Enquirer: 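Okay, here's the structure, questions in a sec.
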Amino acid sequence: MTQQSERVLNADLPGHVGKCVRVEGWVHAIRKFGAVNFLILRDRSGQAQVILEPGQMERLDGLQVETVVAVEGTVEEEERAANGVEIRDASLEVISPVTDVLPFELNKRVLKPSLDVFLNNATVGLRYPARAATFRLYSDLLFGFRDYLLGRDFTEIHTPKLVGEATEGGANVFQLDYFGKPAYLAQSPQLYKQIMVGVFERVFEIGPAFRAEPHYTVRHINEYTSLDVEMGFITGPEEVMGLLIALLEQMVQAMVGRHPRDVEALGIELPTFGEVPRITFREAQQIILDRHGENRFEEPDLSPQDERWLGEWALEEHGTDFVFVTHFPTTKVAFYSKPDPGDPEYALNFDLIFRGQELVSGSQRINDHDELLARLEARGMNAASFTGYLEAFKYGMPPEGGFAIGSERLLMRLVGAGNIRETTLFPRDVNRLSP
RNA sequence: GGUCCCGUGGUGUAGUCUGGUUUAACAUGCCACCCUGUCAAGGUGGAGAUCGCCGGUUCAAAUCCGGUCGGGACCGCCA
């Protein structure tokens, strides 16, 4: 049995100058010059340049890029190589040959295929370095999310996605057959996370949310990953909003700290936080009237155009990429949102707009059992189907509140993607159920 | 669900408005050959598309009309 060198990652090669190493990865590109050939090898850490003599080059005859290979050779300093080193005197071993031509080029500066073609071939398309980098940063954002919350005594939970009742009412749920009974895919962990405040005070969940709405927009998909936070013993929604901003700052820091080269390579414009303005729904409408001459006072909610305008306002007037809009009409918010005691027409809720798009919504919740019951009945909802939820309030619930971040939207806005499907690994939309 | 746009080699586009010198063009990819420093390599040559599908108008359709399927954008709704 021949002694096999231990694998070295491409990014670590500069620390192995003069040594014989083994690298493994995918053939990203080949540049043939007859006598001397360049092989660009890609692994999880990055790319490396290998010099292949013609005899070694022959081993790739008939094979395509993305062939998986192992290369053993000597690391040499080389100014002309991309990261200052290259591998010479290399011997190449094919680990997994590729004979089919790729559906589109992965080794060009720009990715050419339309989004539809890309997504139909996402299994290989995601290997495109910039796309892989995007999702590496997504992982960092989630790390930052966990890191911040665990550090503040939050408990991570996972609540069921198969539920017997539609979470918040409405018909926009996927129904399925559960041993002969109707069941639904959870549209939100909302009710369960509130229940869990009664156990842990502070909880969070990273999990899927399913929405059966047939929406055709660049910012909606039918399965998305929701970043849910819920906390008890709050003094008001302001406390929750403060935590949200600090949390987002840490998430961005995690991204920059863990993969600064990806941040740079993707040309990410880091968000400006500053003092995030907090305006009420009515104030937001006034701003739109003042700045754009559009009277929105009869509208029960903000339109996408309104959100874009408010994003511009926040940037120009407050130098921040964020703006809170609070106190939406009580009739418009979810049944569990607490009305403002000072003006019950409006709720103690908030939306956070990031770069002109709704990113987070949250509120202080009704924590009084009887008030909750009355609210359900006033809305014509069947209180009997909320028995388990209501029980948690019957047996003692502190003032509490929370929010949910659309994780793919956050990533979309950070990397400047034009469509949420670009920041979802395998998006589920009205027409797409595979891959 | 409403409105509007788009389907041309593997991929991305031009050509469509104003039907006919279009054996459908260009780039990239693929194949072959040349090249000792590329890094979006370069050069020469080659293969690859009955122009989404069905029907209609016409002497003639990628081009005009109708239907159909597929894709995209905006609105509604939301994260």
Side-chain angles (χ1 to χ4, degrees), chain A residues 28-41 47-54 57 61-65 76 78-84 86 88 99-121 124-125 128-129 168 170-172 187-190 207-228 299-308 328 332-334 351-354 357-362 403-413 418-421 423-424 429-432:
Chain A
H28 187 68
I30 296 168
R31 302 191 188 100
K32 293 181 75 170
F33 281 80
V36 166
N37 309 288
F38 300 93
L39 180 151
I40 307 303
L41 187 76
Q47 297 173 14
Q49 176 163 290
V50 178
I51 305 297
L52 284 184
E53 301 298 324
M57 195 68 220
D61 282 354
L63 300 182
Q64 300 292 328
V65 289
E76 302 278 2
E78 174 53 69
E79 277 184 2
R80 292 169 293 186
N83 42 2
E86 67 183 15
R88 295 182 197 153
T99 52
D100 290 349
V101 176
L102 286 174
F104 45 79
E105 297 88 333
L106 296 177
N107 54 14
K108 295 295 177 181
R109 187 180 284 167
V110 293
L111 195 55
K112 277 200 303 187
S114 65
L115 186 56
D116 187 46
V117 171
F118 178 86
L119 292 176
N120 288 341
N121 299 280
V124 63
Y128 180 69
E168 302 172 28
N172 54 348
Q187 58 190 156
S188 152
Q190 180 65 33
F210 303 92
R211 301 285 166 93
E213 294 143 4
H215 26 46
Y216 298 90
T217 79
V218 293
R219 61 191 182 284
H220 290 94
I221 42 177
N222 295 290
E223 175 181 356
Y224 69 96
T225 300
S226 182
L227 308 182
D228 272 89
E299 299 295 326
D301 203 351
L302 298 175
S303 72
Q305 177 60 256
D306 295 344
E307 291 174 4
R308 286 190 286 271
F328 285 70
K332 190 64 193 168
V333 300
D351 278 2
L352 180 65
I353 294 171
F354 173 40
Q357 186 177 91
E358 180 179 340
L359 175 68
V360 186
S361 64
F403 53 82
I405 305 171
S407 65
E408 294 89 348
R409 276 194 190 176
L410 174 60
L411 186 62
M412 175 187 176
R413 274 307 191 237
N419 192 313
I420 196 167
R421 290 161 186 76
T423 53
T424 306
D429 63 30
V430 178
N431 298 310
R432 198 175 299 280

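Predicted model only: the values in this text are computed from it and were never measured. We name chains A, B, ... by the order of the sequence lines, and we start the count at 1 in each one.
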Enquirer: Using the C1' atom as the reference point in each nucleotide, state the distance between C51(B) and G15(B) in Å, no decimals.
Expert: 10 Å
Enquirer: Sequence neighbours excluded and cut-off under 3.5 Å, please list the side-chain donor-acceptor pairs for residues 28-39 of chain A, or say none.
Expert:
unit_1	atom_1	unit_2	atom_2	d
H28(A)	ND1	R42(A)	NH1	3.0
N37(A)	OD1	F33(A)	N	3.1
N37(A)	ND2	L52(A)	O	3.1

Enquirer: Once salt bridge (Lys or Arg N to Asp or Glu O under 4.0 Å) is applied, do any residues pair with E223(A), and if so which ones, sequence neighbours excluded?
Expert: none
Enquirer: How would you label the contact of E307(A) with the nucleic acid (heavy atoms, under 4.0 Å): base, sugar-phosphate, or nothing?
Expert: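 Result for E307(A) = base.
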Enquirer: Counting Watson-Crick and G-U wobble pairs only, both distances under 3.5 Å, name the nucleotide matched with C26(B), or none.
Expert: G12(B)
Enquirer: Please determine if a side-chain N or O atom of Q190(A) lies less than 4.0 Å away from the OP1 or OP2 oxygen of A79(B).
Expert: no
Enquirer: Does U36(B) have a Watson-Crick or wobble mate here (both distances under 3.5 Å), and if so which one?
Expert: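 For U36(B), the partner nucleotide comes out as none, under the 3.5 Å rule.
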Enquirer: Between R409(A) and A79(B), is there a contact of a side-chain N or O with OP1 or OP2 at under 4.0 Å?
Expert: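 Looking at the OP1 and OP2 atoms of A79(B), neither is under 4.0 Å from any side-chain N or O of R409(A).
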Enquirer: Give me the distance, rounded to whole Å, that separates G42(B) from G55(B) when you measure between the P atoms they each carry.
Expert: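 Those two atoms are separated by 44 Å.
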Enquirer: Measuring from the side chain of I221(A) (C-beta onward, heavy atoms only), which nucleotide among C74(B), A79(B), G37(B) has the closest atom?
Expert: A79(B)
Enquirer: Quick one: closest heavy-atom pair of F354(A) and R413(A), and the distance?
Expert: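 Closest approach of F354(A) to R413(A): CE2-CB, 3.2 Å.
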Enquirer: Using the P atom in both, what is the distance from G66(B) to C17(B), to the nearest Å?
Expert: 15 Å
Enquirer: Taking the nucleotide of RNA chain B with the nearest heavy atom to each, does R219(A) or D116(A) sit closer to the 5' end?
Expert: D116(A)
Enquirer: Taking CG from D306(A) and C1' from C74(B), how many angstroms apart are they, rounded to a whole number?
Expert: 15 Å
Enquirer: Give V110(A) one of three labels, base, sugar-phosphate or nothing, depending on what nucleic acid heavy atoms sit under 4.0 Å from its own.
Expert: nothing
Enquirer: Answer yes or no for this row: F38(A) ring on U38(B) base, centroids under 5.5 Å, planes under 30°.
Expert: yes
Enquirer: Find the distance R211(A):CZ to C78(B):C1' and express it as a whole number of Å.
Expert: 7 Å
Enquirer: Between the base of C39(B) and the side chain of R109(A), is there a donor and acceptor pair under 3.5 angstrom?
Expert: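 No such pair is found, so the answer is no.
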Enquirer: Provide the distance between the two C1' atoms, one in U16(B) and one in G52(B), to the nearest whole Å.
Expert: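 Per the computed distance, 16 Å lies between those C1' atoms.
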Enquirer: Just so I know, are the side chains of H220(A) and R211(A) near enough to count as touching, which here means a heavy-atom distance under 4.5 Å?
Expert: no
Enquirer: Shortest non-hydrogen contact from R409(A) to E358(A)?
Expert: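 So the minimum-distance heavy-atom pair works out to NH1-O, 2.8 Å.
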Enquirer: Drop me the distance from N431(A)'s CG to N222(A)'s CG, to the nearest 0.5 angstrom.
Expert: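 Interatomic distance, N431(A) CG to N222(A) CG, rounded to 0.5 Å: 9.5 Å.
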Enquirer: Under 4.0 Å between a side-chain N or O of N431(A) and OP1 or OP2 of G71(B)?
Expert: yes
Enquirer: Want to settle it: does V360(A) or N107(A) sit nearer the 5' end of RNA chain B, counting the closest nucleotide to each?
Expert: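 Checking each residue's closest nucleotide, the 5'-ward one belongs to N107(A).
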Enquirer: Considering just the side-chain nitrogens and oxygens of R80(A), establish if one lies under 4.0 Å of OP1 or OP2 belonging to A41(B).
Expert: no
Enquirer: Run the side chain to side chain donor-acceptor pair (under 3.5 Å) test against D301(A) and tell me which residues pass, sequence neighbours left out.
Expert: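 If we apply the side chain to side chain donor-acceptor pair (under 3.5 Å) test to D301(A), skipping adjacent residues, there are no hits.
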Enquirer: Keeping to residues at least two apart or across chains, list the side-chain hydrogen bond (donor to acceptor under 3.5 Å, both in side chains) pairs with something in residues 109-118 of chain A.
Expert: D116(A)-R432(A)
Enquirer: For E408(A), report the nucleic acid contact type (base, sugar-phosphate, nothing); a contact means any heavy atom under 4.0 Å.
Expert: nothing
Enquirer: Are the side chains of L115(A) and N419(A) in contact, using a 4.5 Å heavy-atom criterion?
Expert: yes
Enquirer: Base, sugar-phosphate alone, or nothing: which one does Q64(A) contact when heavy atoms must sit under 4.0 Å apart?
Expert: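 Answer is sugar-phosphate: Q64(A) comes under 4.0 Å of backbone atoms only.
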Enquirer: Answer yes or no: does a side-chain N or O of S361(A) lie under 4.0 Å from OP1 or OP2 of A79(B)?
Expert: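 So the side-chain polar atoms of S361(A) do come within 4.0 Å of the phosphate oxygens OP1 or OP2 of A79(B), strictly under.
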Enquirer: Just call it for S303(A): base, sugar-phosphate, or nothing, with non-hydrogen atoms closer than 4.0 Å on any strand.
Expert: sugar-phosphate
Enquirer: What is the distance from CG of N419(A) to C1' of C74(B), rounded to the nearest Å?
Expert: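 Whole-Å distance recorded here is 13 Å.
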Enquirer: Heavy atoms only, 4.0 Å cut-off, all strands: where does A209(A) land among base, sugar-phosphate and nothing?
Expert: nothing
Enquirer: Applying salt bridge (Lys or Arg N to Asp or Glu O under 4.0 Å), name anything that partners R421(A), two or more places apart in sequence or on another chain.
Expert: D429(A)
Enquirer: Which whole-number value in Å describes the distance from I30(A) CD1 to G29(B) P?
Expert: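 Atom-to-atom, I30(A) to G29(B), this comes out as 13 Å.
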Enquirer: Would you compute the distance between atom CD of Q49(A) and atom CZ of R88(A) and round it to the nearest 0.5 angstrom?
Expert: 9.5 Å
Enquirer: In whole Å, what separates the C1' atom of U28(B) from that of C75(B)?
Expert: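 The same atom, C1', in both gives a distance of 37 Å.
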Enquirer: On a plain distance test, is the side chain of E86(A) in donor-acceptor contact with the base of G37(B) below 3.5 Å?
Expert: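 Check passes, donor-acceptor contact within cut-off.
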Enquirer: Using atom C1' in both nucleotides, what's the gap between G19(B) and A60(B) to the nearest angstrom?
Expert: 8 Å
Enquirer: Sequence neighbours left out, cut at 3.5 Å: what donor-acceptor pairs do the side chains of residues 99-106 of chain A make with other protein atoms?
Expert:
none

Enquirer: Please state the P separation for the pair C53(B) and U11(B) - nearest whole angstrom.
Expert: 14 Å
Enquirer: With a cut-off of less than 4.0 Å, is there a side-chain N or O of K108(A) near OP1 or OP2 of C39(B)?
Expert: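 Checking K108(A) against C39(B): no side-chain N or O falls below 4.0 Å of OP1 or OP2.
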Enquirer: Can you tell me how far P of A40(B) sits from CZ of R31(A), to the nearest Å?
Expert: 7 Å
Enquirer: Tell which nucleotide pairs with A73(B), taking only Watson-Crick or G-U wobble pairs whose two distances are both under 3.5 angstrom.
Expert: U3(B)
Enquirer: If the condition is side chain to side chain donor-acceptor pair (under 3.5 Å), which residues does S226(A) pass it with, not counting sequence neighbours?
Expert: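 Partners of S226(A) under the side chain to side chain donor-acceptor pair (under 3.5 Å) test: D228(A).
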Enquirer: Could you tell me how far apart I405(A) (CD1) and C78(B) (C1') are, to the nearest whole angstrom?
Expert: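 For the pair I405(A) CD1 and C78(B) C1', the rounded distance is 16 Å.
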Enquirer: If you measure from the P atom in G29(B) to the same atom in C39(B), how many Å do you get, rounded?
Expert: 12 Å
Enquirer: Sugar-phosphate atoms are those with a prime plus P, OP1 and OP2; base atoms are the rest. Using that split, label each nucleotide of nucleotides 2-12 of chain B B, S or - for protein heavy atoms under 4.0 Å, 5' to 3'.
Expert: --------BBS
Enquirer: When you check every protein heavy atom under 4.0 Å of nucleotides 42-49 of chain B, what one-letter string (B, S, -) results, 5' to 3'?
Expert: --------
Enquirer: In this structure, how many angstroms lie between the P atom of C31(B) and the CG atom of D61(A), rounded?
Expert: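 The answer, rounded to whole Å, is 10 Å.
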Enquirer: Separation of F33(A) atom CZ from C33(B) atom P, in whole Å?
Expert: 17 Å
